[in-house]
Every structure is written in C-alpha cells, then in structure tokens.
Amino acid sequence: MAGLTTGGPNVDVSLLYEVNGQARQAPGWLDRAVSLAGEYGIVLALALLVLWCWRAARRQDEAAAVESFAALVWAPLAAALALLVNVPLRQFVARPRPFHQHDGLQVLDPGFGAEIGNTGFSFVSGHTTLAMALGVGLFVAKRKYGVLGIGLALAEGFCRVYMGVNYPTDVIGGLALGTAVVLVLAPLAMAVLTPAVRAVARSRRLGRLVRSKGRALPRPVGLPQAQTPPAGQRTHESDLAA
C-alpha cells in the first residue's frame, strides 16, 4: 500500500519512464494519435465491436443467439459495475498521478497537461478497467470477437502509460478488476439475463432486436408442432369432402 501511495516500486517507475520516454522521440502526430486512442478511441472501438457482435449473433440459431445476447448485455453492465467498484478503491488507495510524483514525464492527455494540479487518483486505471471488462464480456459472448476485444484492452493500458497518466501497476490493476467483475459474476448474471432475453425474443414488438428479419419466433416449450398428413391421407380426405 505504501509503495502505491509514494509512487510505486522502482520497476514500476522505471517501466513508466521507459514507455513514456518514447513519446519524446516519436513524431507529434503519433503522440496525438496515441492520446486520442487512449482517451476515447479504443473505448469507442470496443463499443462498436459489441454492436457488431450483436449483429452477428442475430444470424445464429435460437438457443445460441439467446446465450450470446445475454452475454452481450452483461458486457456493458459488468463494465459499469467495475467502474463503480473502482470509485471506493481509488479513494482507499489514494495514489497520486505519476506526474505529481516524478519529473520529466511527457504528459500527453490535454486534460492533465493543461491542468497539472489535477487531483484525480491513479490506481486503478478506469479506462483500462472499462476496456478489459468489455473485452472479457465479448469473450464470454463469442471468443473470436473477445480475443480482439482483449487485445484492444491491452492496447488501452499501454496507451495510458505512454501518455504518462498511469503507472504500469495501475494498468495491471485495471486489467485484473475488469476481468474479475465479468467472470466472477457471470454465472449469476447469465442466470438472470438469459430468461429475460428469451422473453424479449418471443415478443412481437421487441423480438426484432434479437432475431434476423423473417426468422421465426421461438416456439414455447411444450407446444405440439403441427403435423402434416401424408399425401395419400390428404387425397382421401379431399375425396370425402367432395
């Protein structure tokens, strides 16, 4: 705890200087691109990836689609819950931002750079927590998209250190927190969300959100399926009717 509040272990600080030091050697356009990606771009890309996965899930069969949609609903809910858990955690640890503890950092975030007296705490990285929760949530829904989402979350963590606004351990804490919230609560969340999504799929008004155009509604369990009589029987019944 003391190591966090005073600036972190030597390895943590050394890695911070090494990664952030690349910003001094990189061209200005690259620094601006990393700053934009780390502040807004990667999180936006993850949100679009969730929507794309939702679109792909609508083409699945009914059983698989319902499970995928429940997981996709859980992903943003888990991300919001992880950020909520991070609020008291940040206040408890109360670790200052790196540029308050160490000189010579290249701060790329305009918000921190323009107002160096910012009192926001550093541990855990909220951006990384949000990104990782969305990435792991996508992995629960569909592994192919989840691997890409987790890769984006790792990139988010790198960007935050490159920008000079978080220590590497802040990022590691964000990755761990986002993952833990999603996976630990996933069984309970899926048990609640799966029946809710199934009910939405059977709704005539809302069912289009979770099924492709022209796809039949799920048939309620226990409803007998209509039987088509054999051709000979249909001909015999037609003759009797005549």
Side-chain angles (χ1 to χ4, degrees), residues 30 32-86 125-160 162-163 171 174-218:
L30 179 59
R32 289 190 294 271
V34 172
S35 178
L36 183 62
E39 190 67 18
Y40 309 107
I42 292 178
V43 172
L44 177 60
L46 281 164
L48 294 176
L49 188 60
V50 170
L51 293 177
W52 184 262
C53 187
W54 186 284
R55 179 177 179 272
R58 295 176 72 234
R59 295 193 291 267
Q60 293 178 316
D61 61 84
E62 297 294 349
V66 167
E67 292 184 1
S68 296
F69 289 131
L72 289 173
V73 172
W74 170 234
L77 290 178
L81 182 59
L83 291 178
L84 188 62
V85 171
N86 192 27
S125 170
H127 282 74
T128 309
T129 300
L130 174 63
M132 193 62 175
L134 290 174
V136 175
L138 278 168
F139 188 84
V140 172
K142 198 169 183 63
R143 291 189 178 183
K144 178 176 65 174
Y145 295 98
V147 170
L148 178 57
I150 292 173
L152 287 173
L154 295 175
E156 175 69 39
F158 176 83
C159 289
R160 301 304 290 179
Y162 185 95
M163 293 161 63
V171 168
L175 297 173
L177 179 59
T179 301
V181 170
V182 174
L183 295 184
V184 170
L185 298 179
L188 176 61
M190 294 296 289
V192 174
L193 292 172
T194 300
V197 171
R198 185 175 293 112
V200 170
R202 292 173 180 170
S203 170
R204 293 189 177 275
R205 291 186 177 182
L206 300 177
R208 66 184 63 183
L209 295 175
V210 296
R211 66 174 186 271
S212 300
K213 183 178 179 181
R215 198 175 71 183
L217 288 170

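Note that the structure is a prediction, hence the values are computed from the model and not measured. In this chain, numbering begins with 1 at the start of the sequence shown. Computed over heavy atoms, backbone and side chain alike; hydrogens, waters and symmetry mates excluded.
- Leu36 pairs by the side-chain contact (heavy atoms from CB on, under 4.5 Å) definition with Tyr40, not counting sequence neighbours.
- Considering only heavy atoms from C-beta on, Ile150 stays 4.5 Å or farther from Leu138 through its side chain.
- With contacts defined as side-chain heavy-atom distances shorter than 4.5 Å, the pair Glu156/Glu39 does not qualify.
- In this view, Thr128 and Ser125 satisfy the side chain to side chain donor-acceptor pair (under 3.5 Å) rule, not counting sequence neighbours.
- The CG atom of Leu81 lies 11.5 Å from the OG1 atom of Thr129; values are rounded to the nearest 0.5 Å.
- Here Val73 pairs with Trp54, Leu77, Leu193 under the side-chain contact (heavy atoms from CB on, under 4.5 Å) rule; sequence neighbours left out.
- Scanning all heavy atoms of the two residues, the minimum distance from Cys53 to Lys142 falls at SG-CB, 4.0 Å.
- The two residues Met163 and Val34 make their nearest non-hydrogen contact at SD-O, 4.1 Å.
- Separation of atoms NE2 (His127) and CG (Leu83) is listed at 9.5 Å; rounding is to 0.5 Å.
- Contact detail for Ala133 and Ala79: the closest heavy-atom pair is CB-CA, 3.5 Å.
- Taking CG from Leu130 and CG from Leu46, the interatomic distance works out to 7.5 Å, rounded to the nearest 0.5 Å.
- Listed here is the closest heavy atom pair of Val140 and Ala71: CG1-CB, 3.9 Å.
- The two residues Val181 and Ala78 make their nearest non-hydrogen contact at CG1-O, 3.6 Å.
- Between Ile42 and Leu152 the shortest heavy-atom distance is CG2-O, 3.4 Å.
- Going from atom OG1 of Thr179 over to atom CE of Met132 covers 3.5 Å, rounded to the nearest 0.5 Å.
- Not one N or O on the side chain of Trp74 forms a donor-acceptor pair closer than 3.5 Å with the backbone of Gly137.
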